[in-house]
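Shown next, in structure tokens, is the structure this report addresses.
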Amino acid sequence: MPSEQHTNIKVAVRVRPYNVRELEQKQRSIIKVMDRSALLFDPDEEDDEAPSNRTATSPKRMNKKLTMEFDRVFDIDNSNQDLFEECTAPLVDAVLNGYNCSVFVYGATGAGKTFTMLGSEAHPGLTYLTMQDLFDKIQAQNDVRKFDVGVSYLEVYNEHVMNLLTKSGPLKLREDNNGVVVSGLCLTPIYSAEELLRMLMLGNSHRTQHPTDANAESSRSHAIFQVHIRITERKTDTKRTVKLSMIDLAGSERAASTKGIGVRFKEGASINKSLLALGNCINKLADGLKHIPYRDSNLTRILKDSLGGNCRTLMVANVSMSSLTYEDTYNTLKYASRAKKIRTTLKQNVLKSKMPTEFYVKKIDEVVAENERLKERNKALEAKATQLERAGNSGFDPQELKPWYSKIDAVYAAARQLQEHVLGMRSKIKNINYRQTLKKELEEFRKLMCVDQRVCQESF
Ligand SMILES: Nc1ncnc2c1ncn2[C@@H]1O[C@H](COP(=O)(O)OP(=O)(O)OP(=O)(O)O)[C@@H](O)[C@H]1O
């Protein structure tokens, strides 16, 4: 039986260094990293390492002087590699052990979410490092396990769910027994790390970006990169399906801080609406409430299983240390503190694929054998009854036969029940075989569709 454990969402905070604009404006630092897991928000003048940085334009000091604890705090000199080694490499092991995992980055525009998730050529981000590690580990286990890997890359832009890997219209979300499903989304099969990273780059190039005041290359959509892996144990044919999701959320800035107008304002409003819905879900989950309003936005519908489902989740809260982003940083840290309280339930995903049929075949053999045995016993009892009847005709008391008659009736009833059971089992087997045939055909069809799509993609 797969075991079940409860665990809290892990929250890491990453502080980014000053950018040129912040340096030019000589802003004071509103974050002081205390140690590996604590920071001081809005420190006192004497805690402030650069008091001379204060200018007349600096926002008024609020003196919150809040000490906040997280699972890990990464300071300005920590690299993407540091985050990978401490936070996402353990998730790769968990995925290969059959647990769904999610990583999402949260923070204001320009706070370093995309830098953390995607990085650059010189500083590869978490997605790149994690995928590389995943494929290295897959390669190392190839002798004992077979891996089928498929990826999808979606963006939620103005509440529309778009496929970043193929050019198609908005996709619809629907719910089934396995959770929220994106209708018409076809996974792209992947056979190597290079191919996977190519898909990632292709998706990134399709992502909606526009400059804002705070970030020249601001991502205006939420991006969800998912790797679906079917792991087959070569020895036992036991299968597990697991999912690793890497989510780069759009900036959580207040609409006013980016001064958007027209289309940009609509974007900002939509981003804020979905992040507000995310905040509501985080608050309710942290309070342990039963009803969580996932349906309030497409983003929260997609993140449902990462937040409240069967998933090991890591949230990276990105913040800048500059007082220019005082409110946004404070809000991000408040969100992150709330998220730390969310508990998820972890179950190892195990799907026994061939077992049920074998199991039922064995069971039917047992039932048929039992039926034969009862028939024999029945025959013997009938013969005995006839004998007794004859004996009764020769002066035997018929009352003595009564218990034998009821025994015979009971045997008949048991035999009838077993026969019904056998019929039931046979129809179950038929159903299973039929379902398996359909599944195979569906997989073939999907593969064909994927090949078609890739051919189309390549020819564009
Ligand atoms: N830790 C860091 N070290 C060095 N540079 C960084 C770091 N974090 C972010 N930057 C730089 O800051 C700028 C903004 O970062 P990024 O695009 O990642 O922000 P973002 O949070 O994704 O913003 P948006 O929500 O607008 O997309 C980029 O030029 C990026 O290279």
Side-chain angles (χ1 to χ4, degrees), residues 12-25 27 29 31 33 39 72-88 103-129 155-158 164 200 203-225 246-260 263-265 267-276 278 299 315-322 324-325 327-329 331-333 335-336:
V13 172
R14 183 184 203 182
V15 187
R16 89 153 157 69
Y18 285 110
N19 61 26
V20 178
R21 191 169 67 112
E22 290 159 351
L23 277 176
E24 275 171 359
Q25 297 200 18
Q27 294 300 308
S29 155
I31 289 187
V33 177
L39 61 80
R72 183 72 170 90
V73 177
F74 291 95
D75 209 345
I76 51 171
D77 46 6
N78 282 118
S79 63
N80 283 340
Q81 181 72 27
D82 294 335
L83 265 86
F84 158 70
E85 280 168 17
E86 289 193 46
C87 299
T88 59
V103 180
F104 67 96
V105 286
Y106 182 88
T109 182
K113 298 179 297 296
T114 307
F115 182 84
T116 301
M117 225 36 169
L118 299 178
S120 58
E121 227 169 285
H123 308 279
L126 285 186
T127 309
Y128 179 90
L129 296 170
E155 78 168 348
V156 182
Y157 175 66
N158 282 350
L164 287 173
L200 184 65
N204 292 338
S205 67
H206 291 151
R207 208 175 156 191
T208 312
Q209 282 187 326
H210 296 298
T212 62
D213 270 3
N215 184 3
E217 285 178 75
S218 181
S219 314
R220 309 309 290 153
S221 65
H222 310 295
I224 299 138
F225 183 69
M246 308 291 289
I247 303 145
D248 181 5
L249 297 175
S252 61
E253 69 281 1
R254 290 156 301 131
S257 71
T258 50
K259 301 192 191 90
V263 178
R264 297 293 88 84
F265 181 79
E267 270 173 4
S270 164
I271 292 169
N272 285 337
K273 183 183 158 229
S274 54
L275 290 171
L276 183 70
L278 177 63
L299 174 69
M315 171 181 179
V316 180
N318 285 94
V319 287
S320 149
M321 62 196 312
S322 158
L324 270 184
T325 54
E327 278 302 315
D328 290 328
T329 301
N331 287 335
T332 301
L333 293 174
Y335 255 81

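Heavy atoms only: backbone and side chains are in, while hydrogens, waters and symmetry mates are out. Every number for a ligand or one of its atoms is a count from 1 in the order of the listing.
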Does Leu249 reach ligand 1 with a nitrogen or oxygen that is under 3.5 Å from one of the ligand's nitrogen or oxygen atoms?
-> no

Give the single entry among Arg14, Met117, Lys113 that approaches atom 20 (P) of ligand 1 most closely by any heavy atom.
-> Lys113

Does an N or O anywhere in Ala250 fall below 3.5 Å from an N or O of ligand 1?
-> no

With sequence neighbours excluded, what pairs up with Glu85 under the salt bridge (charged side-chain N to carboxylate O under 4.0 Å, His left out) test?
-> none

Tell me, please: is Ala108 in heavy-atom contact with ligand 1, that is, under 4.0 Å?
-> yes

Between Thr114 and ligand 1, does any nitrogen or oxygen pair lie at a separation below 3.5 Å?
-> yes

Partners of Phe104 by ring-ring contact (aromatic ring centres under 6.0 Å, His included), sequence neighbours excluded?
-> none

Under 3.5 Å between some N or O of ligand 1 and some N or O of Arg16?
-> no

With atoms numbered from 1 as shown, which atoms in ligand 1 lie under 4.0 angstrom from a non-hydrogen atom of Gly251?
-> 25 (O)

Among the heavy atoms of His123, does any lie under 4.0 Å from an atom of ligand 1?
-> no

From atom 26 (O) of ligand 1, work out which of Asn318, Thr109, Asp75 has a heavy atom at the shortest distance.
-> Thr109

Nitrogen or oxygen of Val15 less than 3.5 angstrom from that of ligand 1 = no

Which of the numbered atoms in ligand 1 are below 4.0 angstrom from a heavy atom of Pro17?
-> 1 (N), 2 (C), 3 (N)

Measure the shortest side-chain to side-chain distance between Leu126 and Met246 over non-hydrogen atoms and say whether it is less than 4.5 angstrom.
-> yes

Is there a heavy atom of Gly107 sitting under 4.0 angstrom from any atom of ligand 1?
-> no

Judging by distance only, is a nitrogen or oxygen of Thr116 under 3.5 angstrom from one on ligand 1?
-> no

